[in-house]
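Just follow the structure's listing: the first ligand is 1, and inside any ligand the first atom is 1. We're numbering straight along the sequence, starting at 1.
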Amino acid sequence: MSQSKLITMDEFTIQETRKFPQATGDLSAILRDLGLAGKVINNQVRRAGLVDILGKHGATNVQGEEQMKLDIFANDTLINILQNCTECAGIGSEENDDHISYQDTFSANSKYVVLFDPLDGSSNIDVNAPIGTIFAIYRRVSELGKPCTEADFLQAGKNLMAAGYIIYGSSTMMVYATRLGVNGFTLEPSIGEFCLSHPNMKCAENGKIYSLNQGNSIKYSDGMQAYLNYCMEHNKEEGRPLTQRYIGSMVADMHRTLIKGGIFMYPADKSNPNGKLRLQYECNPMAFIVEAAGGKATNGHENILDIVPTELHQRVPIYIGSKNMVNKVMEYVKEHATTPM
Ligand code: P6P
């Protein structure tokens with residue numbers, strides 16, 4: 001695409017804002033700052049093998065997971081940039097036990113809060129597999145002029161104003177959804193800008209790829225076992241094999257699902273009745289994106305976006321992607337339900 005036809009993410013968000021005369025551009029300011037954080041993190045991710053930033057940080061986070069140095073760097077970058085942003089009152093992060101309410105006057109008068117997983121899939125850093133930053137933006141429910149409160153971070157996903165991710169893969173992309181739809185922007189290193197590359201992204205109603213950690217299958221419910229058998233025998237039915245793909249990095253598996261169609265699952269199992277993935281900064285943002293693109297996301301009983309969170313780091317099972325594939329797995333899960341999922 002010639003330079004003259006490049007539309008930067010800033011230009012795009014300004015054009016989108018102009019569609020709503022009453023819009024103030026505050027949300028665009030947060031998206032711009034998340035893009036800035038993504039560029040800063042990207043610079044370190046691209047050099048991870050060259051600087052003493054690989055390997056474990058020696059601490060563990062609230063999830064009990066070894067903290068990699070790069071996810072601490074990413075977390076600090078997002079916290080600092082969003083604190084300087086004039087529209088963010090505070091953050092919730094996978095890496096922090098509690099939310100952070102910025103205590104300065106500017107932030108107390110800001111309308112939004114942001115939740116994020118600063119570097120999702122960080123266990124893949126040392127093997128150079130795609131990793132990403134996932135974010136979710138809510139309008140505050142607490143009183144303006146005062147620091148934000150926990151209630152701001154415990155809203156159902158259907159209240160989201162915007163959500164997205166930055167994927168540090170063969171190229172660096174920022175994908176975000178608002179109620180207007182889903183758009184993808186690729187980082188053009190020569191000008192240091194995210195440029196529109198995937199306008200109006202849609203999640204295909206059907207797909208041929210199923211994605212989950214099949215190593216856990218021995219612990220799955222009867223319904224999930226039956227569904228996996230269906231996936232593996234599907235080729236007998238229609239001679240078109242279903243393909244199994246799993247990168248172990250939600251951002252990468254979800255980006256593929258959005259681009260190619262398919263279903264990503266992290267089901268409940270006998271040792272993890274709530275699955276593994278976190279509702280507020282993994283499942284809700286991805287559900288908001290996929291549903292804005294025409295797909296579907298459920299925990300096996302209700303839409304992910306309808307779940308009212310009770311704690312910042314709660315986990316939920318997730319089945320997400322092409323609508324017809326999500327409905328198909330739900331048929332098996334419900335038909336064979338012997339124990340609540
Ligand atoms: P498992 C990464 O740790 C993560 O949170 C997601 O990005 C990914 O989808 C999942 O966990 C991988 O989990 O148990 O298959 O290694």
Can an N or O of [X] be found at a distance shorter than 3.5 Å from an N or O of ligand 1?
| X | result |
| --- | --- |
| S249 | no |
| M250 | yes |
| Y266 | yes |

Candidate list F12, F194, Y165, test ring pair (Phe, Tyr, Trp, His ring centres under 6.0 Å), partner F185, passing option: F12
R278, portion touching ligand 1 at heavy-atom distance under 4.0 Å: side chain
For ligand 1, the portion of N216 having any non-hydrogen atom under 4.0 Å away: neither
Output the list of atoms in ligand 1 that are nearer than 4.0 Å to some heavy atom of [X], sorted by atom number.
| X | value |
| --- | --- |
| G121 | 2 (C), 7 (O) |
| E282 | 5 (O) |
| K276 | 1 (P), 3 (O), 10 (C), 11 (O), 12 (C), 13 (O), 14 (O), 16 (O) |
| N213 | 1 (P), 14 (O), 15 (O) |
| F264 | 9 (O) |

Look at atom [atom1] of [X] and say whether more than 12 heavy atoms of other residues, nucleotides or ligands are closer to it than 6.0 Å.
| X | atom1 | answer |
| --- | --- | --- |
| Q244 | CD | yes |
| R18 | CZ | no |
| K260 | NZ | no |
| K202 | NZ | yes |

Sole residue of N124, D120, I247 in side chain to side chain contact (heavy atoms under 4.5 Å, CB included) with P130: I247
Proximity flag D253 to ligand 1, non-hydrogen atoms under 4.0 Å: no
Validation row, ring centre Y230 to ring centre Y332 under 6.0 Å: yes
Linked, directly or transitively: I209 and V329 (ILVMFWY side chains, under 4.5 Å): no
